[in-house]
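To start, the structure itself, in structure tokens.
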Number of protein chains: 2
Amino acid sequence: MPVDRVIDAAVELVDEVGPAEFSMRLLAKRLRSSTATLYRHFAGKDEILVHVVDHVLGEVPRHLPDMADTSTWQERLVASAEALFRTLKEHPKVVSLFDNHVPLGPRGLAGREAAIGILLSSGFPPEVAASAYTAVAHYVIGFASQLRADGTTGPEENQDIREFYRSLDPARYPATVTSAPFLPNSLDDEFRFGLQLIVDGLAKQLTGPAGRTHHR
Amino acid sequence: MPVDRVIDAAVELVDEVGPAEFSMRLLAKRLRSSTATLYRHFAGKDEILVHVVDHVLGEVPRHLPDMADTSTWQERLVASAEALFRTLKEHPKVVSLFDNHVPLGPRGLAGREAAIGILLSSGFPPEVAASAYTAVAHYVIGFASQLRADGTTGPEENQDIREFYRSLDPARYPATVTSAPFLPNSLDDEFRFGLQLIVDGLAKQLTGPAGRTHHR
DNA sequence: ACCTGAACACCGTTCAAGT
DNA sequence: ACCTGAACACCGTTCAAGT
């Protein structure tokens, strides 16, 4: 019972049925084995799910374009964040497993290293680079956690929400009703917009932090 | 069996044992009732948890300072985001319940209305206001989801992670090791830093979107 | 050594039966 | 009308017993 075979099957199973329905029994059945055998290789369900997270993070590089040395740090940081976002979109049911623990497996560390490396080599001081990475990472996770776990990422989903907001009482929710028709069609557009806000904010840190110090 | 009494007890129970250990049986026992009685008032566990989320969102206004009319939109937006973050810090085990659904209960709508209202009245066009709110909301949720569910929000937690990063192989993770000593002591500081990046990015949208259009 | 069926103490949900 | 004990079909985890 090779460890990798278990992890591969576990990722498949979470992708199919979600973390709530994922069970040691289902995993054992898929492997044509028994639950007790799984416990010979892993401490328990939680440990297997940590491996699932790290396995998924291993797919991030596949979504990275190869960037010429001429790319700006903005382009490279955005590409990193989008690669993670695209990866999570392919495994929407895995996203909730990112809750409550910083991914410290080898794949999670590689992503952190790459992003902070981009910032350091672009002239950001280390304290800014570290906090900027955290901000971007949490933004991506927060956004990805709103991916419909049932796979309906399509535009009809956003249209339903827009219709709901439009149908509210304008006297009670004036701003919500006013802005509802302008909601973007796709989650991707909303994702890129917010990501650009963060990058723009970072650019300001680099060019003119005059009068603005890091961390109060 | 008043509905409110069930929700209050459910919030208490999730705060104490977390969503994973939360069960209809435990909730029934706490109410000195039976599970079948709960099903007479709620469709099931998921519906109760939706009410738990909305109940917690109802506490956000308690964390809002009263802001004079002279406050800038930056101050008011930051205060809104911090109020949500502080609320979630008081209910760290509830945060994962925010996954996979936009909070559409009355309390969730009130928060959206307030934030978008701030932006509209400050001159942002509706399409920017809507996307900006989404960006801020997802940033806060993403950050809150990293709150230690076991209640150890203290600085020792961040120190442990910093020590871990420092102890890595500098040849393999040079940027991570370089930046590790500069990790902020508190999650609050990191939260505020990233939030300020978003606000700075938004300010640029307002003053000079020259050459930069919203959503391509 | 490695694997397994069966067991234990739990779940969410339902329903016949009580008052 | 409103409530409940017991049942059903599941869990995660463990362990005596098999090969």
Side-chain angles (χ1 to χ4, degrees), chain A residues 1-56 91 93-101 105 148-150, chain B residues 1-56 91 93-101 105 148-150:
Chain A
M1 178 64 62
V3 167
D4 281 353
R5 204 164 84 81
V6 178
I7 305 299
D8 287 351
V11 173
E12 264 184 41
L13 192 53
V14 173
D15 280 344
E16 288 173 28
V17 305
E21 305 293 323
F22 173 89
S23 76
M24 298 296 272
R25 281 173 159 88
L26 279 180
L27 181 57
K29 188 190 289 182
R30 174 162 305 215
L31 292 164
R32 272 183 256 284
S33 178
S34 78
T35 56
T37 298
L38 292 174
Y39 281 88
R40 295 189 46 70
H41 297 280
F42 300 92
K45 187 186 182 184
D46 287 349
E47 186 179 306
I48 290 181
L49 292 178
V50 167
H51 284 280
V52 167
V53 167
D54 200 59
H55 180 103
V56 167
H91 301 275
K93 294 180 182 168
V94 174
V95 177
S96 65
L97 299 178
F98 282 75
D99 273 15
N100 292 327
H101 67 29
R148 301 301 304 153
D150 46 32
Chain B
M1 179 64 62
V3 167
D4 281 353
R5 203 164 83 83
V6 178
I7 306 300
D8 287 351
V11 172
E12 264 184 41
L13 191 52
V14 174
D15 280 344
E16 288 173 27
V17 306
E21 305 292 325
F22 174 89
S23 75
M24 299 295 271
R25 280 172 160 87
L26 279 180
L27 181 57
K29 188 190 289 183
R30 173 161 306 213
L31 291 163
R32 271 183 256 283
S33 177
S34 77
T35 55
T37 299
L38 292 173
Y39 281 89
R40 294 188 46 68
H41 299 278
F42 300 93
K45 187 187 181 182
D46 287 350
E47 186 179 306
I48 291 181
L49 292 179
V50 167
H51 284 281
V52 167
V53 167
D54 199 59
H55 181 102
V56 167
H91 301 275
K93 294 180 182 169
V94 174
V95 178
S96 65
L97 299 178
F98 281 76
D99 272 15
N100 292 327
H101 67 30
R148 300 301 303 154
D150 46 32

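Atom set for the values below is all heavy atoms of this structure, side chains included, hydrogens, waters and symmetry mates excluded. Residue numbers start from 1 in every chain, and the chains themselves are labelled A, B, ... in the order their sequence lines are given, proteins ahead of strands.
Screening A:Ile48, A:Leu27, A:Leu31 against A:Leu13 for a side chain to side chain contact (heavy atoms under 4.5 Å, CB included) leaves a single residue, A:Leu27.
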B:Arg25 vs B:Arg30, test: side-chain contact (heavy atoms from CB on, under 4.5 Å). Steps then yes/no. CA-CA 9 Å; B:Arg25 280 172 160 87; B:Arg30 173 161 306 213; over 6 Å; no

Quick one, B:Val6 with B:His51, criterion side-chain contact (heavy atoms from CB on, under 4.5 Å). Give me CA distance, side-chain angles, the key distance, then yes/no.
CA-CA 10 Å; B:Val6 178; B:His51 284 281; over 6 Å; no

- Decide yes or no on side-chain contact (heavy atoms from CB on, under 4.5 Å) for A:Glu16 and A:Phe22, but give the supporting numbers first. CA-CA 9 Å; A:Glu16 288 173 28; A:Phe22 173 89; over 6 Å; no

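What separates CD of A:Glu21 from P of D:dC10 is a distance of 11 Å, to the nearest Å. The interatomic distance linking B:Lys29 (NZ) with D:dT4 (C1') rounds to 16 Å, in whole Å. One interatomic measurement links the two molecules: CG of B:Leu13 to C1' of C:dC11, which rounds to 14 Å at whole-angstrom precision. At whole-Å resolution of the value, CZ in A:Arg40 and P in D:dC15 are 14 Å apart.
Using a 4.0 Å cut-off, no side-chain N or O of A:His41 falls inside it from OP1 or OP2 of C:dC2. Applying the 4.0 Å criterion to OP1 and OP2 of D:dC3, one finds that B:Thr37 has every side-chain N and O outside that range.
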Could I get a table of every N or O pair under 3.5 Å where one atom is in the protein and the other is in nucleotides 12-14 of chain D?
from	atom 1	to	atom 2	distance (Å)
D:dG12	OP1	A:Met24	N	3.3
D:dG12	OP1	A:Lys45	NZ	3.4
D:dG12	OP2	A:Met24	N	2.9
D:dG12	N7	A:Arg25	NH1	2.4
D:dG12	O6	A:Arg25	NH1	3.4
D:dG12	O6	A:Arg25	NH2	3.0
D:dT13	OP2	A:Tyr39	OH	2.4
D:dT13	OP2	A:Lys45	N	3.0
D:dT13	O5'	A:Tyr39	OH	2.8

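Pair assignment for C:dT14 gives D:dA6, based on Watson-Crick or G-U wobble hydrogen-bonding distances that are each under 3.5 Å. Using N1 to N3 plus N6-O4 or O6-N4 for Watson-Crick, or N1-O2 and O6-N3 for G-U wobble, each under 3.5 Å, D:dT19 pairs with C:dA1.
For B:Val3 against B:Phe42, the heavy-atom pair with the smallest separation is CG1-CZ, 3.7 Å.
Remark: B:Lys93 does not engage B:Glu21 in a salt bridge, criterion side-chain N to carboxylate O under 4.0 Å.
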